[in-house]
Amino acid sequence: MAKRISRREFIKHSAAVGAVGVGTLTVGNLFASKTPSPIKTKVDVSVVQGQNYFDAAMKAVEQLGGIESFVPKNSKVAILANPQRNNPGAFTSPEVLRAAIKLCKQAGAKEIACISYMPVDKCWEPTGLKKVVDEEGIKLVLTDLKNEDLFKPVPVPKGKSLKEARIMNEFFSYDVLLDVPICKDHAGNKFTGTLKSLMGLNSPLNNRSFHKPNWTTDVNDIHYLDQCIADLNTIIKPNLCIVDATEFITTNGPFGPGVLLKPQKVVAGVDRVALDSYCCTLWGLEAKDIFSITASYEHGLGEMDLKKLNLKELKI
Amino acid sequence: MLGAFLLGEMESYLPQPGDLKEWEPSGEPQYVKGDDLFLLIDGGAEVYHEYGFKQAIAQGFKMKNGRPGNGFNLEIYEMLDPEAAYGIYTFKIAGKGQPLDVGDAGLLEDYYLNAWKGNFLVTVTGFDAGKDTLTGIVEAAKVVMSKIKSTGPASQPPLVHLLPSEYQDRMKLKFIKYLKGNLALFNQYEFDSRNIFGLRQGVMGDYGIARLFVFKYENAAESLKWFENGKKELRQNPRFKYVELQGSTVGLTFSLVDGKGRLSYIKNNGPYIFIVQGNETDAKQINEFLFYSISKSK
């Protein structure tokens, strides 16, 4: 069994960075973390802009109070990055991933792994993300996306559209989840960020059902996809999100190619609704028009009004 | 086996070693058909199915001399018919690049190109926008197009010809989007996430300060039915300020203004619904353009 810091020590440290409480593990509320993480931080959305994406990511987490608030010493950390395809602006920047890994090492994580069902040869290698994994000496734990037995059915009690998810078995082997997505356009629903990225833990077959109710050919309600995304987020809560908003496509997402925007920002926080609400503004969208954000807000998963958020921006 | 035949046919369109001066295939091609398009392009598959998708093949390419970092991805999509291929081509282009003499039409934009021919769309994505890569992607597209048999002279769907090429010298048609459903429309403008206009065939023309949408129906009765449905839904949509317009077209025209000051005039006329959209400050011009477009359609 991994040695953990005491609950008292963790709560004390979390309080020091402004956390108002710790999460509790309840039925249907999965945390990768068997050790709770802050549910609120003093800084809601930490934004760092700079040409060095590694440094920007490191600083973005520093502004939140430091990685130690989110990754306990000796914990097993799963990182969910997006290796979609090596089309420019469609995948998590290797340097942002590298920063996430370095931060986990800095926190004294016992084990760090990228978990995924995206194939190595088509996704992880061409994007350069596999190279980072190898250079940093961590694991890449892959699930065969065609084998449904490798995904565990999980009920979604608060689901309005999604009643059951199928989460990859590997997810349950870890204590902490770091979500490291890229924010970008999505032709299905206009935007993808921290909320939608959790589909990367859910089986592809189950994910397909998000796009078409009962997998019919009658696509009349784009809301369905977004409601499923919001529902999925009620059962999984990353300990920390580090969003690659450095260079991304604003058309023809999620795969591209499309028009590239380069704000050169890394955005970090724990409130996925807040993070996505901020990120969508980078190319002129508004959170109130993104149904996955409003549906998640309605689930009580976070705050979408940027005026109510403590946003800290830094340029390096 | 039919599956193997289809794969072989698609593979035959790929540039082979020796077809390109400086580039060679990298890794194995990936072939998908039907619903499996999701495996290739994930959530981006939906809009292809809306247009009408049959099968696709994707192949990576690298420089022959092994220079790292350079490369491109090539995808060939076979759609169900030329209208579908044209539609997905217009969906994917941003409309601001360099026209190419590739296939029936092609456009080079920054680091990638799209081109269509008959039932086929070809997309080639460079990993950078350097001169060598751009030369390579154009060459690759031309090779693919030379292997695809022509199905006849290129022709845009007839509905496209309803878009005026210009209006009073002030507004010129810059680019076109051909629409075959609400998902494609939603990506141009979010009237509603549901298909409140029952859209199955439409076109959008961008004229700079205004955009013109034309939706086509089987007949006037069907057009009116969907016009009334759209009107009913938009009237109660809190995202818009709705205005019923007076005059000889009472009941057949209404306008909306969204939260960003974008004005839409929506009018039913025969088997069509016309929508002209622009800034509220250009209301008079937009209204005139609407009636001009309708008069040209007769």
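Proteins come first, then strands; the chains are lettered A, B, ... in the order of their sequence lines, and each starts at number 1.
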(Q) Let me confirm one number: the CG-OH distance from A:Leu260 to B:Tyr112, rounded to the nearest 0.5 Å. (A) 8.0 Å
Q. Taking all non-hydrogen atoms of both residues, which atom of A:Phe291 and which atom of B:Ser193 are closest, and how far apart?
A. CE1-CB, 3.7 Å
Q: Identify the heavy atoms of B:Gly44 and A:Pro254 that sit nearest to each other, and give their distance.
A: N-CD, 3.4 Å
Q | Heavy atoms of other groups near A:Lys308 NZ, more than 12 under 6.0 Å | A | no
Q. Between A:Asn86, A:Asp289, A:Asp185, A:Asn189, which has the largest tally of heavy atom pairs under 4.5 Å with chain B?
A. A:Asn86
(Q) Tell me if the OH atom of B:Tyr178 is crowded by more than 12 foreign heavy atoms within 6.0 Å. (A) yes
Q. Shortest non-hydrogen contact from A:Ala187 to B:Leu183?
A. O-CD1, 3.4 Å
Q) Checking B:Asn187 against chain A: side chain, backbone, both or neither under 4.5 Å from a heavy atom? A) both
Q | Which of B:Leu39, B:Leu40, B:Val124, B:Asp110 touches chain A most, by non-hydrogen pairs under 4.5 Å | A | B:Leu40
**Q.** Residue part contacting chain A, namely of B:Phe91, when any heavy atom lies under 4.5 Å
**A.** both
Q.
Between A:Lys122 and chain B, with a heavy-atom cut-off of 4.5 Å, which part of the residue counts as in contact: side chain, backbone, both or neither?
A. side chain
**Q.** Salt-bridge criterion met for A:Arg85 and B:Asp42 (N-O under 4.0 Å)
**A.** no
(Q) If I take atom CD from residue B:Glu46 and atom CG from residue A:Leu225, how far apart are they, to the nearest 0.5 angstrom? (A) 8.5 Å
Q) How many angstroms lie between atom OG1 of B:Thr125 and atom CZ of A:Phe255, to the nearest 0.5 angstrom? A) 7.5 Å
Q) Are more than 12 heavy atoms from other residues, nucleotides or ligands located less than 6.0 Å from atom CD of B:Glu218? A) no
Q | Side chain, backbone, both or neither of B:Lys96 within contact of chain A (heavy atoms, under 4.5 Å) | A | neither
Q) Checking heavy atoms, do the side chain of B:Ile196, its backbone, both or neither come under 4.5 Å from chain A? A) neither
Q. Judged by atom type as modelled, is there a donor-acceptor pair below 3.5 Å linking the side chain of B:Tyr111 to the main-chain atoms of A:Asn87?
A. no
Q: Below 4.5 Å from any heavy atom of chain B, which atoms of A:Asp121 appear? Answer side chain, backbone, both or neither.
A: neither
Q) Measuring heavy-atom distances to chain A, does B:Glu190 have an atom under 4.5 Å in its side chain, in its backbone, in both, or in neither? A) side chain
Q: Report, as yes or no, whether the 6.0 Å neighbourhood of atom NZ on B:Lys142 holds more than 12 heavy atoms from other residues, nucleotides or ligands.
A: no
(Q) Tell me if the NZ atom of A:Lys163 is crowded by more than 12 foreign heavy atoms within 6.0 Å. (A) yes
Q. Between CG of A:Asn252 and CD1 of B:Ile88, what distance do you get to the nearest 0.5 Å?
A. 8.0 Å
